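One structure is given here, and the rest of the page talks about it.
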Amino acid sequence: MKNGYILELRNIYKSFGGLRALIDVDLNLRHGEIIGLVGDNAAGKSTLMKIVSGAYRADEGKILFNEEEVQIANPKDARKIGIEMVYQDLELCQNLDVPANLFLGRELHSETFFRFLRKRNMEKESLDILHRLKIDIRNPRTKVDKLSGGQQQAVAIGRAVSFDPKIVLMDEPTANLAVVEIEKVLELTLRLTEHNISIIFISHRLDDVFRVSDRIYVLKHGYMVAVKEKLKTNKEEIVKAMFMDVEEQESLQQ
Ligand SMILES: Nc1ncnc2c1ncn2[C@@H]1O[C@H](COP(=O)(O)OP(=O)(O)O)[C@@H](O)[C@H]1O
Ligand SMILES: [Mg+2]
């Protein structure tokens, strides 16, 4: 390995009609690293991650995985490479239980007897995933709509991890959660790195970003305007990068 990056985005451009959502964006993710990706509403955070997850295609630019260029034309391509995204709206089935959600779209349509066996297997594997990630859900047969917001977020993360990914992209995983639940999701995020997973963590909550990230990238109006080592920056500096024009920042420094 030469540069230690598991993922490199180079010169990414994306427009929607006349709207330029991403302009010449670069981003590097190290092995085992957690990156925080921040920016005001409509900065382009979700769009950038959707390009990596195969939901969108970039107009221009390169994606490298382990230093080799890869083509990610759809979510299947991303999954094959080892990239999973946990979307902001979670994409869980509220009226199904935890195993059904963890294995959604992967249950085989087999004969009744085998279906019964598979169901038992799914439950066993689900318990295993919950246990491995120390996710606190006592009864996996609970329907997802009966779980708390934090538990639902954990199920969505567990589902991503069940594909054995190398990279997990998390889009606002702590939005709309109670304080105690936020802490649990942050702990779960940190725990994923123990399973050899590198993470890009999108959030508008800077406290959360500072808690989990090693480095912080700042998008503004489609431009990547800053990247900082967490230990060498502070919230004030990040907020400035998020909201101020370059001229404004320069005039402040004089
Ligand atoms: N599918 C789409 N069609 C048209 N415009 C889009 C689409 N997805 C995102 N955009 C636009 O791209 C810009 C960036 O959006 P997004 O990546 O969702 O920002 P963020 O996640 O930082 O809030 C916004 O102006 C948004 O309206
Ligand atoms: Mg978004």
Side-chain angles (χ1 to χ4, degrees), residues 7-29 34-63 72-78 83-92 149-150 152-153 156-157 159-160 165 167-177 181-182 185-186 188-189 198-213 215-228 230 233 235 237-246 249:
L7 181 76
E8 294 162 76
L9 308 181
R10 293 198 187 151
N11 313 106
I12 302 286
Y13 287 78
K14 178 72 181 174
S15 293
F16 298 103
L19 187 135
R20 300 173 81 202
L22 296 170
I23 303 123
D24 200 16
V25 167
D26 286 357
L27 178 148
N28 299 321
L29 176 65
I34 303 182
I35 274 179
L37 178 57
V38 303
D40 197 8
N41 258 333
K45 307 180 296 294
S46 296
T47 301
L48 186 61
M49 291 305 98
K50 284 175 181 174
I51 286 170
V52 180
S53 76
Y56 294 161
R57 281 212 88 162
D59 300 332
E60 281 179 56
K62 278 187 186 174
I63 303 177
I72 304 178
N74 52 54
K76 259 193 193 157
D77 287 351
I83 299 170
E84 290 294 326
M85 178 151 172
V86 181
Y87 288 91
Q88 204 163 354
D89 55 11
L90 296 187
E91 298 192 318
L92 298 175
Q152 292 189 25
Q153 184 63 242
I157 293 169
R159 176 175 159 76
I167 298 173
V168 172
L169 315 169
M170 300 168 77
D171 198 348
E172 297 280 2
T174 52
N176 311 316
L177 295 183
E181 302 225 282
I182 287 174
V185 169
L186 296 179
L188 174 55
T189 304
S198 310
I199 297 168
I200 303 179
F201 182 98
I202 297 182
S203 181
H204 66 277
R205 294 175 42 90
L206 286 188
D207 283 337
D208 300 352
V209 170
F210 271 81
R211 172 84 205 286
V212 297
S213 313
R215 287 184 303 139
I216 301 170
Y217 277 84
V218 185
L219 267 173
K220 189 166 75 180
H221 304 318
Y223 292 92
M224 196 65 90
V225 293
V227 49
K228 304 277 180 194
K230 192 246 312 262
T233 186
K235 279 180 219 159
E237 189 178 43
I238 296 295
V239 169
K240 260 190 213 163
M242 284 167 68
F243 295 107
M244 278 189 195
D245 294 334
V246 177
Q249 291 187 32

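Just so it is clear, the structure is predicted and the values come from calculations on it, not from any experiment. Just so you know, ligand 1 is whichever comes first in the structure, and atom 1 is the first atom listed for that ligand. Sequential numbering from 1 along the given sequence is applied to the chain's residues. The basis for the numbers below is simple: all heavy atoms, side chains too, and nothing from hydrogens, waters or symmetry mates.
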Q: State whether the side chain of Lys14 and the backbone N or O of Arg57 hold a donor-acceptor pair below 3.5 Å, judged by distance alone.
A: yes
Q. Under 6.0 Å between the ring centres of Phe201 and Tyr217?
A. no
Within the 4.5 Å heavy-atom criterion, are [X] and [Y] side-chain neighbours or not?
X: Ile12; Y: Asp24; answer: no
X: Leu9; Y: Leu48; answer: yes
X: Asp208; Y: Thr189; answer: no
X: Pro173; Y: Val86; answer: no

Q: Run the numbers on Met242 and Leu206 for side-chain contact (heavy atoms from CB on, under 4.5 Å), then give the verdict.
A: CA-CA 11 Å; Met242 284 167 68; Leu206 286 188; 4.3 Å; yes
Q: Report the protein N/O/S neighbours of the Mg ion (ligand 2) that fall below 2.8 Å; do not count waters.
A: Ser46 OG
Q: Taking only heavy atoms of the protein into account, state which residues are under 4.0 angstrom from an atom of ligand 1, in chain and number order.
A: Phe16, Leu19, Ala21, Asp40, Asn41, Ala42, Ala43, Gly44, Lys45, Ser46, Thr47, Tyr56
Q: Give a yes-or-no answer on whether the side chains of Ser46 and Tyr87 include a donor-acceptor pair shorter than 3.5 Å.
A: no
Q. Around atom CG of Asn74, are there more than 12 heavy atoms of other residues, nucleotides or ligands at under 6.0 Å?
A. yes
